[in-house]
Amino acid sequence: MTSKVRTLGDAIATHVRDGACVALEGFTHLIPFAAGHEIIRQGRRNLHLVRMTPDLIYDQMIGMGCASKLTFSWGGNPGVGSLHRLRDAVEHQWPAPLALDEHTHAGVAAAYSAGAAGLPFATLRGYLGTDLPSVNPRIRSVDCPFTGERLAAVPALNPDVTILHAQRADRRGNVSMHGIVGAQREAAFAARALIVTVEEIVDELPPAMNGIVLPHWIVSAVAQCRGGAYPSYVHDHYARDNGFYQRWDTIARERDGFLAWMNRHVLASRDHAAFLASLQEVA
Amino acid sequence: MTSKVRTLGDAIATHVRDGACVALEGFTHLIPFAAGHEIIRQGRRNLHLVRMTPDLIYDQMIGMGCASKLTFSWGGNPGVGSLHRLRDAVEHQWPAPLALDEHTHAGVAAAYSAGAAGLPFATLRGYLGTDLPSVNPRIRSVDCPFTGERLAAVPALNPDVTILHAQRADRRGNVSMHGIVGAQREAAFAARALIVTVEEIVDELPPAMNGIVLPHWIVSAVAQCRGGAYPSYVHDHYARDNGFYQRWDTIARERDGFLAWMNRHVLASRDHAAFLASLQEVA
Amino acid sequence: MSDWTREEMMTVAAARQLWDGCVCFVGIGLPSAACNLARLTHAPDVVLIYESGTLGTRPDVLPLSIGDGELADTAACVIPLPEVFSYLLQAGRVDVGFLGAAQVDRYGNLNSTVIGPYDAPRTRLPGAGGATEIAAHARQTFVMLKATPRSLVAQLDFCTSAGFLAGNGARARTTMRGAGPQTVITDYGVLKPLPETDELHLSALFNGVTVDEARAATGWPLKVAESVDTLTPPTPIELETLRALHARTREAHRRPVRLPA
Amino acid sequence: MSDWTREEMMTVAAARQLWDGCVCFVGIGLPSAACNLARLTHAPDVVLIYESGTLGTRPDVLPLSIGDGELADTAACVIPLPEVFSYLLQAGRVDVGFLGAAQVDRYGNLNSTVIGPYDAPRTRLPGAGGATEIAAHARQTFVMLKATPRSLVAQLDFCTSAGFLAGNGARARTTMRGAGPQTVITDYGVLKPLPETDELHLSALFNGVTVDEARAATGWPLKVAESVDTLTPPTPIELETLRALHARTREAHRRPVRLPA
């Protein structure tokens with residue numbers, strides 16, 4: 001049996017190259033914050049970030065200059081408001097210009113599903129009567145060969161690397177997750193490489209019947225990382241820190257304050273445990 | 001709260017009309033035998049039957065003259081051999097001609113998924129280099145609007161009625177199932193009406209997290225029918241009667257023997273309990 | 001209990017639009033409060049679907065995000081997000097979708113993308129999310145937003161989600177299956193589309209609000225129904241239930257979160 | 001233990017083709033026996049996928065159907081059938097697919113649909129099932145069938161699953177991603193495609209079988225490798241393991257099934 005267990009640092013260094021197309025997926029739940037921080041620490045540049053709901057971790061990566069392009073469908077701080085670093089990049093090109101490939105949730109979900117299925121495009125009843133196709137040439141149309149009906153088409157999404165967080169993995173690389181799963185399975189199957197951080201690594205996962213498992217042969221590396229989704233949450237492990245999401249609005253509002261916070265808590269921390277400890281000092 | 005609980009007889013009488021397109025799905029596991037027998041008892045005619053793997057229950061329905069068309073991808077007695085009644089209909093038009101709409105598993109699965117998603121067609125890398133498109137005009141092609149690649153297309157499947165068997169339902173009509181589920185969820189969401197027979201009806205199903213649930217507002221009727229999947233099986237309830245599948249090869253080989261068996265066990269039995277009792281008498 | 005805020009009245013007005021058993025696609029904020037108020041009062045069997053894939057969820061407190069853990073714990077089931085948009089919305093399995101927006105025009109078209117030009121925005125907004133396809137495919141939609149001449153506008157900066165397009169039956173001539181925005185709930189009252197032209201007009205006012213106030217808060221010349229209804233103020237039960245829900249929510253969200261160790 | 005049947009040798013020959021850790025799409029019958037034999041001998045980490053959606057299954061006895069309950073009980077997980085064909089096969093996530101057929105031609109194309117004309121068949125066979133897309137998308141396929149001039153034919157009655165089409169690189173010029181039938185295991189020996197022409201030729205014989213016997217069982221003029229290997233007979237461990245597996249299977253399937261009450 002080949003072990004897929006790696007340190008997070010090794011997994012990122014091996015699979016995430018400058019210029020890569022990278023999807024850190026997670027829909028409110030199981031957002032891979034620790035992996036995003038490690039990408040920032042390793043100084044990756046010109047990433048094409050993909051995500052349905054770029055939230056705080058993408059705000060941080062964009063503000064730290066990791067990204068040059070963003071494929072997305074909703075970019076905000078859920079329940080709070082704007083992502084100030086994303087806005088600054090789009091409105092004022094700071095710290096660098098950010099090209100937008102903007103879709104709807106239905107469009108990105110269909111594009112991941114097509115990517116997972118090995119198809120070059122997805123068909124949907126989408127984008128009807130809106131201005132989105134006029135600002136995104138990657139939204140096209142296809143005619144049904146049976147009814148003649150015109151439908152929307154989007155190109156499949158196949159990230160070079162998808163990064164997820166989950167509850168458990170075994171050494172072989174099988175990953176088990178439960179709770180709200182967003183489009184994570186589709187983003188995983190669509191990826192050329194797949195890194196998963198988990199709360200816990202066990203010798204062997206039990207048979208899961210209809211439970212959600214990412215099978216080991218689609219997984220490139222698993223890294224244990226307790227608290228790796230904080231400040232988002234992990235069902236049956238820890239709750240979402242809604243207060244942090246609210247505080248982020250202030251932290252990220254100005255460039256200087258943002259940089260100071262990132263330096264102190266992310267760059268000055270060796271790893272995620274140190275990051276969490278640095279937040280305890282503040283609290 | 002509106003109850004969706006009906007007798008099987010009422011559910012079939014209400015939703016399955018002569019000439020309807022009907023899918024009794026089930027992939028080895030959870031095959032709705034009791035519902036198929038009730039359709040035979042009620043004497044439905046000219047049905048367009050749909051199923052990935054027409055097996056014994058479709059052999060029985062075809063042999064009893066219920067069907068005029070079959071959409072399918074594999075028609076055999078699993079692990080045993082031929083379906084003699086299906087063959088007799090195709091080879092000798094007995095008891096009636098049977099038009100074939102023949103696909104592959106991948107094609108039917110994609111067609112159900114498209115139907116479930118409200119799309120008019122499905123795209124797949126399928127039927128490549130085979131004679132199937134030359135005998136089925138419902139296998140066409142579509143060009144990717146991004147890469148120009150030519151792919152196969154099949155029309156969505158939207159049965160007038162899908163009929164399934166499952167472990168449990170509540171009175172409201174929520175259905176819970178586990179084990180091997182084939183393409184049943186897709187066939188359920190694709191249907192205009194959905195009948196589910198179950199081993200057990202409870203007042204209210206508990207929250208299922210990531211378990212498989214057919215939500216009540218896509219379910220037209222639930223009918224309690226213990227043993228309703230026999231001679232196939234129900235995970236955690238009863239095992240597959242492999243011996244019956246083997247005996248069926250003899251029972252169905254000749255027209256007279258088939259009709260005698262159907263008369264004695266299906267037509268002479270008021271319901272599924274009586275059918276099972278009639279088999280006990282033989283054993 | 002006789003005092004109520006405009007925001008409470010918006011929530012109550014929206015809740016009353018829901019019928020028992022209806023299948024409702026819920027957004028965070030006012031729609032979430034309205035849908036749960038309906039569930040806790042006249043519509044115990046309303047089916048709440050949050051975008052995160054939680055179907056038939058019955059939270060005890062209002063979620064702060066669309067994917068709070070309690071939504072999953074109390075849901076009939078949790079499904080993957082692609083299925084939410086394909087098997088439920090796109091397939092026409094949702095009765096009511098709730099939408100908010102930064103801007104709405106007189107035909108119920110919505111902008112949640114940008115203020116200013118797309119390529120050089122004055123304000124970059126979060127974007128479409130699920131709204132575009134909710135607007136297209138839910139059998140009908142309800143729009144909730146606070147009215148100002150900058151939110152109820154004559155001309156959208158960007159069309160994120162289709163209402164009645166240019167009106168006069170334009171939407172009905174598309175392949176969109178949903179009936180579009182049937183009710184717009186503002187903090188002065190309710191707008192509804194006119195039968196022929198599809199133009200939103202003033203259908204009902206909150207108790208104590210004048211037509212002039214409504215007109216002043218609307219960025220286009222607002223048409224007014226021949227007889228404008230006055231909405232019944234929140235009943236004591238509605239108000240008590242809503243305030244208790246908010247109190248439970250504040251209490252739950254005040255509990256400190258421990259960092260994972 | 002030195003006596004072995006041709007069927008046992010077919011199973012052993014097929015099992016030896018599998019490597020530890022390979023992801024294998026298994027069919028019922030001989031392939032299922034071969035894959036489980038590999039798992040119980042030299043390839044404990046082979047990943048067995050049955051068409052019913054059971055991934056990484058480890059049955060103690062051979063299933064009689066592709067969807068036996070034990071396959072689900074022992075699987076790493078069970079997934080819906082549409083995902084088996086889209087996320088696994090079509091996406092190129094399967095290393096080896098096993099296929100049987102009623103007819104195979106010299107380019108490894110397969111017929112499992114009809115004998116005689118499609119519209120007036122002499123014998124209606126079950127049809128494609130999963131075979132067509134296994135043949136197209138598995139990184140390579142192994143074909144297993146008993147050889148007679150009626151099964152190894154010069155001309156198929158119907159092409160259900162593509163091998164090398166007309167040969168001479170025809171397959172490589174399509175959009176099919178899998179490498180096609182790399183090994184055909186018959187009850188006399190093993191055929192493999194020739195590098196340039198893709199034509200199946202005799203690569204190895206079972207111990208005790210002659211080239212003439214192979215030629216007589218083949219419906220086209222069979223090309224023969226310059227040096228034909230002779231396959232090592234089943235080792236005692238292979239034979240013991242296989243026979244014990246079959247004995248356990250017979251025992252399990254003899255247990256009477258009680259009708260549900």
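These numbers come from the heavy atoms of this one structure, side chains and all, not from hydrogens, waters or symmetry mates. Because the structure is a prediction, the values reported are computed rather than measured.
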Please classify the contact between [X] and chain D as side chain, backbone, both or neither, with a heavy-atom cut-off of under 4.5 Å.
{"X": "B:Thr104", "result": "both"}
{"X": "B:Ala183", "result": "both"}
{"X": "B:Glu149", "result": "side chain"}
{"X": "B:Thr130", "result": "both"}
{"X": "B:Arg125", "result": "both"}
{"X": "B:Gln246", "result": "side chain"}
{"X": "B:Phe72", "result": "side chain"}

Under a 4.5 Å cutoff for heavy-atom pairs, which residue among [options] has the most contacts with chain D?
{"options": "B:Val135, B:Leu124, B:Ile212", "answer": "B:Val135"}
{"options": "B:Glu102, B:His92, B:Met52", "answer": "B:Glu102"}
{"options": "B:Leu83, B:Val181, B:Val90, B:Leu151", "answer": "B:Val90"}

Quick check for you: among [options], which has the greatest number of heavy-atom pairs under 4.5 Å with chain B?
{"options": "D:Ala135, D:Gly116, D:Gly130, D:Ala120", "value": "D:Gly130"}
{"options": "D:Arg171, D:Arg177, D:His253", "value": "D:Arg177"}
{"options": "D:Pro63, D:Pro256, D:Ser65", "value": "D:Ser65"}
{"options": "D:Ser52, D:Cys159, D:Gly163, D:Gly69", "value": "D:Cys159"}
{"options": "D:Leu125, D:Leu165, D:Thr132", "value": "D:Thr132"}
{"options": "D:Ala162, D:Gly127, D:Gly129", "value": "D:Gly129"}

Below 4.5 Å from any heavy atom of chain B, which atoms of [X] appear? Answer side chain, backbone, both or neither.
{"X": "D:Glu83", "result": "neither"}
{"X": "D:Tyr118", "result": "side chain"}
{"X": "D:Asp119", "result": "neither"}
{"X": "D:Ser112", "result": "neither"}

query: So, the side chain of B:Arg85 versus the backbone of B:Arg253: is there a donor-acceptor pair under 3.5 Å, distance only?
result: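 Looks like yes, one N/O pair under 3.5 Å.
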task: Kindly state whether the ring of B:Phe27 and the ring of B:His105 have centres lying under 6.0 angstrom apart.
output: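 Ring-ring flag for B:Phe27/B:His105: true, centres closer than 6.0 Å.
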- request: Assign the ring pair B:His235 / B:His29 to parallel, tilted or perpendicular, where the plane angle (0 to 90°) is split at 30° and 60°.
  value: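 Perpendicular, since the angle between the ring planes exceeds 60°.
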query: Once the angle between the rings of B:His103 and B:Tyr127 is folded into 0 to 90°, is it parallel (under 30°), tilted (30 to 60°) or perpendicular (over 60°)?
result: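 Answer is perpendicular, since the angle exceeds 60°.
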message: Strictly below 4.0 Å, N to O, side chains only: are D:Arg248 and D:Asp60 in salt-bridge contact?
response: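 Yes, this pair counts.
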Would you kindly say whether [X] and [Y] are connected by a side-chain donor-acceptor distance under 3.5 Å?
{"X": "D:Thr57", "Y": "D:Thr74", "answer": "yes"}
{"X": "B:Arg138", "Y": "B:Asn136", "answer": "no"}
{"X": "D:Lys192", "Y": "D:Thr183", "answer": "yes"}
{"X": "D:Asp198", "Y": "D:Asn168", "answer": "no"}

task: Going by the side chain to side chain contact (heavy atoms under 4.5 Å, CB included) test, name the single residue among D:Asn36, D:Ile185, D:Leu242 that passes it with D:Thr11.
output: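 Result: among D:Asn36, D:Ile185, D:Leu242, D:Leu242 is the only option passing the side chain to side chain contact (heavy atoms under 4.5 Å, CB included) with D:Thr11.
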- prompt: Counting heavy atoms not belonging to D:Glu196, are there more than 12 under 6.0 Å from its CD?
  reply: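 Counting other residues, nucleotides and ligands, CD of D:Glu196 stays at 12 neighbours or fewer.
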field: Intermediate values then yes/no, side chain to side chain contact (heavy atoms under 4.5 Å, CB included), B:Asp59 and B:Trp248
entry: CA-CA 10 Å; B:Asp59 209 33; B:Trp248 183 253; 3.0 Å; yes
